Amino acid sequence: MNYFVDRFKNRIESFSDKDKGERKRILNEILLYANANKHTFKNEIDQIKFDKDVMALPIISEALSADTETWGQFYVDLLDDILRAAKRADDPNDFLEHLEVFSYIEDDNRPFVQQIVD
């Protein structure tokens with residue numbers, strides 16, 4: 001069972017239809033959920049990160065970008081996962097859309113950003 005999906009799937013699916021205040025509340029709730037149990041959260045996201053039915057990765061990444069002190073390594077690991085999955089895929093172009101999540105960290109000067117560049 002994936003509690004993240006149970007708790008957030010409907011709100012993620014309708015995220016773009018929400019007003020700015022509601023989107024901010026959803027992002028804050030995701031960040032609070034992630035910070036409450038980092039290990040469980042990472043496992044749950046690993047289960048769904050490339051799931052086309054949920055498409056949660058952009059919203060998750062936007063939420064975690066508010067706390068890159070805690071979640072910076074998540075982006076480094078995610079990029080590695082995307083590149084590995086693309087190399088194994090029949091059509092690597094299917095993974096290009098997942099690179100978009102890195103736009104949420106463009107203004108961050110922490111060391112993890114250099115790891116991504118490398």
Side-chain angles (χ1 to χ4, degrees):
M1 174 169 267
N2 190 312
Y3 292 109
F4 178 84
V5 171
D6 290 346
R7 183 168 178 180
F8 292 103
K9 183 179 183 194
N10 291 337
R11 289 187 275 176
I12 287 171
E13 288 174 343
S14 63
F15 187 80
S16 61
D17 298 332
K18 306 288 185 190
D19 65 43
K20 188 175 182 177
E22 181 61 20
R23 286 193 304 262
K24 185 174 172 91
R25 279 189 288 281
I26 293 168
L27 294 172
N28 287 336
E29 284 184 44
I30 291 172
L31 182 60
L32 288 172
Y33 181 86
N35 285 337
N37 191 335
K38 294 175 184 103
H39 181 70
T40 299
F41 175 77
K42 287 178 186 179
N43 288 336
E44 291 173 336
I45 300 312
D46 279 343
Q47 295 170 17
I48 63 164
K49 66 182 151 199
F50 302 132
D51 187 332
K52 293 182 186 223
D53 291 332
V54 180
M55 293 301 290
L57 204 50
I59 296 167
I60 293 166
S61 297
E62 185 175 353
L64 299 183
S65 71
D67 185 8
T68 56
E69 186 70 36
T70 302
W71 292 100
Q73 188 62 42
F74 172 85
Y75 290 98
V76 175
D77 297 340
L78 178 60
L79 180 58
D80 289 341
D81 291 345
I82 292 168
L83 295 175
R84 271 194 300 275
K87 288 177 184 177
R88 291 189 310 260
D90 291 333
D91 186 1
N93 290 328
D94 289 344
F95 290 87
L96 287 175
E97 67 188 281
H98 297 298
L99 297 175
E100 161 186 320
V101 302
F102 294 92
S103 65
Y104 297 113
I105 57 171
E106 65 187 23
D107 294 331
D108 203 313
N109 295 321
R110 292 190 175 88
F112 80 92
V113 176
Q114 186 58 48
Q115 286 180 284
I116 290 171
V117 171
D118 293 344

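Side chains are part of it too, since the values below use all heavy atoms of this structure and drop only hydrogens, waters and symmetry mates. Note that the coordinates shown come from a computational prediction; the quantities given were computed from them, not determined experimentally.
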request  = Evaluate the side-chain proximity of T70 to D67: yes if any heavy-atom separation is below 4.5 Å, no if none is.
outcome  = yes
query = Mind checking what makes side-chain contact (heavy atoms from CB on, under 4.5 Å) contact with L83, not counting sequence neighbours?
reply = L79
inquiry  = Once you measure the plane-to-plane angle for F95 and H98, does it fall in the parallel (<30°), tilted (30-60°) or perpendicular (>60°) bin?
reply    = tilted
ask   = Do I48 and W71 share a hydrophobic cluster, counting only Ile, Leu, Val, Met, Phe, Trp and Tyr and linking them when any side-chain heavy atoms are less than 4.5 Å apart?
value = yes
query = Do T68 side-chain atoms and L64 backbone N/O form a donor-acceptor pair below 3.5 Å?
reply = no
ask   = Is any side-chain heavy atom of I12 closer than 4.5 Å to a side-chain heavy atom of V5?
value = no
key: Residues in ring-ring contact (aromatic ring centres under 6.0 Å, His included) contact with F15, at least two apart in sequence or another chain   = none
Set of side-chain contact (heavy atoms from CB on, under 4.5 Å) partners for A66, sequence neighbours left out = L31
key: side-chain hydrogen bond (donor to acceptor under 3.5 Å, both in side chains) partners of D94, counting only residues at least two apart   = none
key: By side-chain contact (heavy atoms from CB on, under 4.5 Å) - contacts of E29 (at least two apart)   = R7, F8, R11
inquiry  = For residues I59 and M55: do they belong to one hydrophobic cluster (side chain heavy atoms under 4.5 Å, members Ile, Leu, Val, Met, Phe, Trp, Tyr)?
reply    = no
task = Please round to the nearest 0.5 Å and tell me the distance separating atom CD1 of I82 and atom NZ of K87.
result = 13.0 Å
message = Could you work out, with ring-ring contact (aromatic ring centres under 6.0 Å, His included) as the rule, every residue matching Y3, not counting sequence neighbours?
response = none
inquiry  = When you compare the side chain of L27 with that of S65, does any pair of heavy atoms fall below 4.5 Å?
reply    = no
task = Can you label the angle between the Y33 ring and the F41 ring as parallel, tilted or perpendicular, going by 30° and 60°?
result = perpendicular
query = Between NZ of K42 and CG of L78, what distance do you get to the nearest 0.5 Å?
reply = 11.5 Å
query = Which residues satisfy the side-chain hydrogen bond (donor to acceptor under 3.5 Å, both in side chains) test with E97, sequence neighbours excluded?
reply = none
ask   = Taking only residues two or more places apart in sequence, or in another chain, which ones meet N2 in a side-chain hydrogen bond (donor to acceptor under 3.5 Å, both in side chains)?
value = Q47
key: N10 CG to I26 CD1 distance, which is reported to the nearest 0.5 Å   = 10.5 Å
message = Going by the rule salt bridge (charged side-chain N to carboxylate O under 4.0 Å, His left out), which residues pair with K9 if we only count those two or more places apart in sequence or in a different chain?
response = E13
request  = Would you please name every residue forming a side-chain contact (heavy atoms from CB on, under 4.5 Å) with N93, sequence neighbours left out?
outcome  = D91, L96
message = Listing request: all salt bridge (Lys or Arg N to Asp or Glu O under 4.0 Å) pairs with a residue in residues 48-59, at least two apart in sequence or in separate chains.
response = D46-K49, K49-D81
message = Among K20, K18, R25, which residue satisfies the side-chain hydrogen bond (donor to acceptor under 3.5 Å, both in side chains) criterion with E22?
response = R25
request  = Examine the side chains of N43 and T40 and answer whether a donor and an acceptor come within less than 3.5 Å of each other.
outcome  = no
